[in-house]
Participant: 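I'd like to ask some things about the structure below.
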Amino acid sequence: MTAHKTPRIQASDITPRELFYDRRRFMQLAASASLTALLPNAVLAGEPLVNVKKSTDNLRDELTPYKDVTSYNNFYEFGTGKEDPAQNAGSLKTRPWTITLEGEVNKPKTFDIDELLKLAPLEERIYHLRCVEAWSMVIPWIGFPLAELIKHVDPNSKAKFVEFISLHHPEQMSGQKSSVLNWPYREGLRLDEAMHPLTLLTVGLYGEVLPNQNGAPIRIVIPWKYGFKSAKSIVKIRLVEKQPISSWMEAGPNEYGFYANVNPEVDHPRWSQAKERRLGDFLKRPTLPFNGYGEQVAQLYAGIDLSKNF
Ligand code: MTE
């Protein structure tokens, strides 16, 4: 699968939050008037209104309200409670900010976040993606495929995996004074997973700059994996030869595997992973293999026993 080339989009073209809400109201209206069947696919699939060519919300699910997306979070650098990040992440300073790509690459480079946002192929785009943990959400992310940035640094033949490293700054991140995880937060992917067009570096959601509690100023989003793979507030991306050990693998080797592909058939040792609660819903819904992105990503795991490689 190849990434779509889309025309460069100005920040002012990004759909403001109010328009998303208007659009939702319109969709509800359309559905109630049984107009749905008459609408073109592009509209139904949740394409944003303005100048954005790509949406990957293949199930046409409704967006999760902005308030829920930004007030119910996991970000242990700011506490372990779901409401802690929204309350405590104000202390994070997101400028100046650099992100370094290094390791098994021919052209290592440190990007200033603002320079990164202006880089030629790094146009802003909106992707509607589901994210799942024990709860789930559908979020209109603004970002670009990580592959585009990795291509800039030209991986060498030893590069087999990618490690993501979040900021370590206990003065700004009060939760790092506790040793609940081994800081800094670290995650990893195989290089081919990292190069998949659905693996995004995101800088915003709902047409806005990423709120601190969601991982400002830049985070990974990997929609077919459990949420913990999507490292927030990243400062370093390292291409490496050996499979990296993530913070969660270190904290609970029997509970958290390297792959963490969404898989309703593999239970977490302490809970079933067959169902998820969409934020805002009362009842749980069945969880889909690869979070519903199997058509796009299952081929990455051909021949691998995913019940063992969880
Ligand atoms: N990244 C960092 N740096 N620190 C964290 O504690 N938590 C992870 C992931 N990325 C986490 C992180 C977990 S467990 C989840 S479920 C998602 O972020 C939550 O993302 P959200 O709060 O934007 O929904």
Side-chain angles (χ1 to χ4, degrees), residues 63-89 91-92 94 97 99 127-143 146 163-170 172-189 199-206 208-237 244 246-252 255-258 260-262 268 270-271 273 276-280 287 291:
L63 298 177
T64 303
Y66 179 87
K67 188 174 83 30
D68 292 336
V69 170
T70 57
S71 62
Y72 191 86
N73 300 99
N74 263 352
F75 200 169
Y76 277 27
E77 284 87 335
F78 297 104
T80 54
K82 306 284 179 244
E83 278 95 36
D84 291 345
Q87 268 171 28
N88 302 333
S91 52
L92 175 67
T94 58
W97 192 281
I99 178 163
Y127 299 76
H128 293 187
L129 297 173
R130 292 178 304 287
C131 301
V132 63
E133 192 71 1
W135 68 97
S136 65
M137 298 179 279
V138 188
I139 301 176
W141 295 105
I142 303 171
L146 169 65
E163 186 176 27
F164 304 98
I165 300 157
S166 299
L167 181 70
H168 188 209
H169 201 310
Q172 289 180 30
M173 298 176 136
S174 51
Q176 286 181 336
K177 289 175 182 153
S178 128
S179 52
V180 56
L181 287 175
N182 189 5
W183 310 111
Y185 194 94
R186 279 162 292 116
E187 258 307 338
L189 291 174
T199 299
L200 302 183
L201 271 174
T202 63
V203 294
L205 52 80
Y206 267 108
E208 296 186 354
V209 167
L210 212 53
N212 284 4
Q213 61 269 33
N214 292 90
I218 189 159
R219 74 174 287 181
I220 288 286
V221 171
I222 312 146
W224 72 95
K225 294 183 180 272
Y226 290 111
F228 64 86
K229 295 298 283 182
S230 298
K232 296 175 164 183
S233 304
I234 293 171
V235 292
K236 208 170 267 189
I237 298 177
S246 69
S247 296
W248 285 108
M249 287 165 75
E250 225 167 41
E255 306 203 352
Y256 302 99
F258 176 76
N261 288 320
V262 174
H268 183 281
R270 289 182 281 136
W271 56 80
Q273 301 200 118
E276 71 204 49
R277 192 177 67 82
R278 182 67 46 89
L279 284 192
T287 289
N291 198 19

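These figures come from a predicted structure and were not determined experimentally. Both counts, for ligands and for their atoms, begin at 1 and track the order of listing. Positions are given from 1, in the same order as the sequence printed here.
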Participant: What part of Tyr185, side chain, backbone, both or neither, has a heavy atom within less than 4.0 angstrom of ligand 1?
Facilitator: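 The part of Tyr185 near ligand 1 is the side chain, not the backbone.
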Participant: Would you tell me whether Asn182 and Glu250 have side-chain atoms, one donor and one acceptor, within less than 3.5 Å of each other?
Facilitator: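 Distance-only check passes for Asn182 and Glu250.
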Participant: Taking only heavy atoms of Ser230 into account, list the atoms of ligand 1 that are under 4.0 Å away from them.
Facilitator: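 By the 4.0 Å cutoff, the relevant atoms are 9 (C), 10 (N), 12 (C), 18 (O).
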Participant: Taking atom types as modelled and ignoring hydrogens, do the side chains of Ser136 and Arg278 form a donor-acceptor contact shorter than 3.5 angstrom?
Facilitator: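 A donor-acceptor contact under 3.5 Å links the two side chains.
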Participant: So is there a nitrogen or oxygen of Tyr72 less than 3.5 Å from a nitrogen or oxygen in ligand 1?
Facilitator: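 N/O-N/O distance under 3.5 Å: no.
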Participant: Look only at interatomic distance and state if Ser166 has a nitrogen or oxygen under 3.5 Å from any nitrogen or oxygen of ligand 1.
Facilitator: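 In this structure, Ser166 places an N or O atom under 3.5 Å from an N or O of ligand 1.
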Participant: Looking only at heavy atoms of Gly215, does any of them come nearer than 4.0 Å to an atom of ligand 1?
Facilitator: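 Contact absent.
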Participant: Side chain or backbone, does Asn74 bring an N or O within less than 3.5 Å of an N or O on ligand 1?
Facilitator: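 Between Asn74 and ligand 1 (N or O atoms, distance only) the closest approach is under 3.5 Å.
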Participant: Quiz question: by atom type and distance under 3.5 Å, do the side chains of His169 and Gln176 form a donor-acceptor pair?
Facilitator: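 No, because no side-chain N or O of His169 sits under 3.5 Å from a partner of the opposite role on Gln176.
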Participant: Do Trp248 and Tyr226 make the cut of ring centroids closer than 6.0 angstrom?
Facilitator: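 Ring centroids of Trp248 and Tyr226 are no less than 6.0 Å from each other.
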Participant: Please evaluate residues Gln172 and Ser91 with respect to the criterion side-chain hydrogen bond (donor to acceptor under 3.5 Å, both in side chains), reporting the C-alpha separation (whole Å), side-chain torsions for both, the decisive distance (0.1 Å), and the verdict.
Facilitator: CA-CA 5 Å; Gln172 289 180 30; Ser91 52; over 6 Å; no
Participant: Atom 21 (P) of ligand 1: which protein heavy atom is closest, and how many Å away?
Facilitator: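 Here the closest protein heavy atom is Lys232 NZ, 3.3 Å.
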Participant: At a 4.0 Å threshold, what atoms of ligand 1 neighbour a non-hydrogen atom of Asn73?
Facilitator: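 With Asn73 as reference, the close atoms of ligand 1 come out as 21 (P), 22 (O), 23 (O).
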Participant: Using the side chain to side chain contact (heavy atoms under 4.5 Å, CB included) rule, pick out the option among Ile99, Thr202, Leu210, Ile237 that qualifies with Ile218.
Facilitator: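 Going through Ile99, Thr202, Leu210, Ile237 one by one, the side chain to side chain contact (heavy atoms under 4.5 Å, CB included) with Ile218 is satisfied by Ile99 alone.
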Participant: If you measure from OG on Ser174 to CG on Asn88, what distance do you get to the nearest 0.5 Å?
Facilitator: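 Between atom OG of Ser174 and atom CG of Asn88 there are 5.0 Å.
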Participant: With a cutoff of 4.0 Å, is Lys229 in contact with ligand 1, counting heavy atoms of the residue only?
Facilitator: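 Checking ligand 1 against Lys229, which is what was asked, there is no heavy-atom contact under 4.0 Å.
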Participant: Have a look at Trp183, Trp248, Phe164, Phe228 and point out the one with the heavy atom closest to atom 13 (C) of ligand 1.
Facilitator: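 Going through Trp183, Trp248, Phe164, Phe228 one by one, Phe228 has the nearest heavy atom to atom 13 (C) of ligand 1.
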Participant: Please determine if Gln213 has a nitrogen or oxygen closer than 3.5 Å to a nitrogen or oxygen of ligand 1.
Facilitator: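 Gln213 vs ligand 1: no N/O contact under 3.5 Å.
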Participant: Distance-only, no hydrogens or angles: does the Asn291 side chain make a donor-acceptor pair with backbone N or O of Val262 under 3.5 Å?
Facilitator: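 Side chain of Asn291 to backbone of Val262, a donor-acceptor pair under 3.5 Å: no, none is there.
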Participant: Please could you name the atoms of ligand 1 that Met137 approaches to less than 4.0 Å, counting only its heavy atoms?
Facilitator: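 Those of ligand 1 that fall under 4.0 Å from Met137 are 24 (O).
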Participant: Say whether Lys82 and Asn74, considering side chains only, have a donor N or O and an acceptor N or O under 3.5 Å apart.
Facilitator: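 A pair is found: one side chain offers a donor N or O, the other an acceptor, under 3.5 Å apart.
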Participant: Does at least one non-hydrogen atom of Arg219 fall below 4.0 angstrom from an atom of ligand 1?
Facilitator: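 Distance cut 4.0 Å: Arg219 passes for ligand 1.
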Participant: Give the residue, atom name and distance (to 0.1 Å) of the protein heavy atom nearest atom 6 (O) of ligand 1.
Facilitator: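 Atom 6 (O) of ligand 1 sits closest to the protein heavy atom Tyr76 N, 2.7 Å.
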Participant: Against ligand 1, does Ala231 come closer than 4.0 Å with any heavy atom?
Facilitator: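 The answer is yes, since Ala231 has a heavy atom less than 4.0 Å from ligand 1.
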Participant: Can you measure from OH (Tyr185) to CZ (Phe75) and round to the nearest 0.5 angstrom?
Facilitator: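 Rounded to the nearest 0.5 Å, the OH-CZ separation comes to 9.5 Å.
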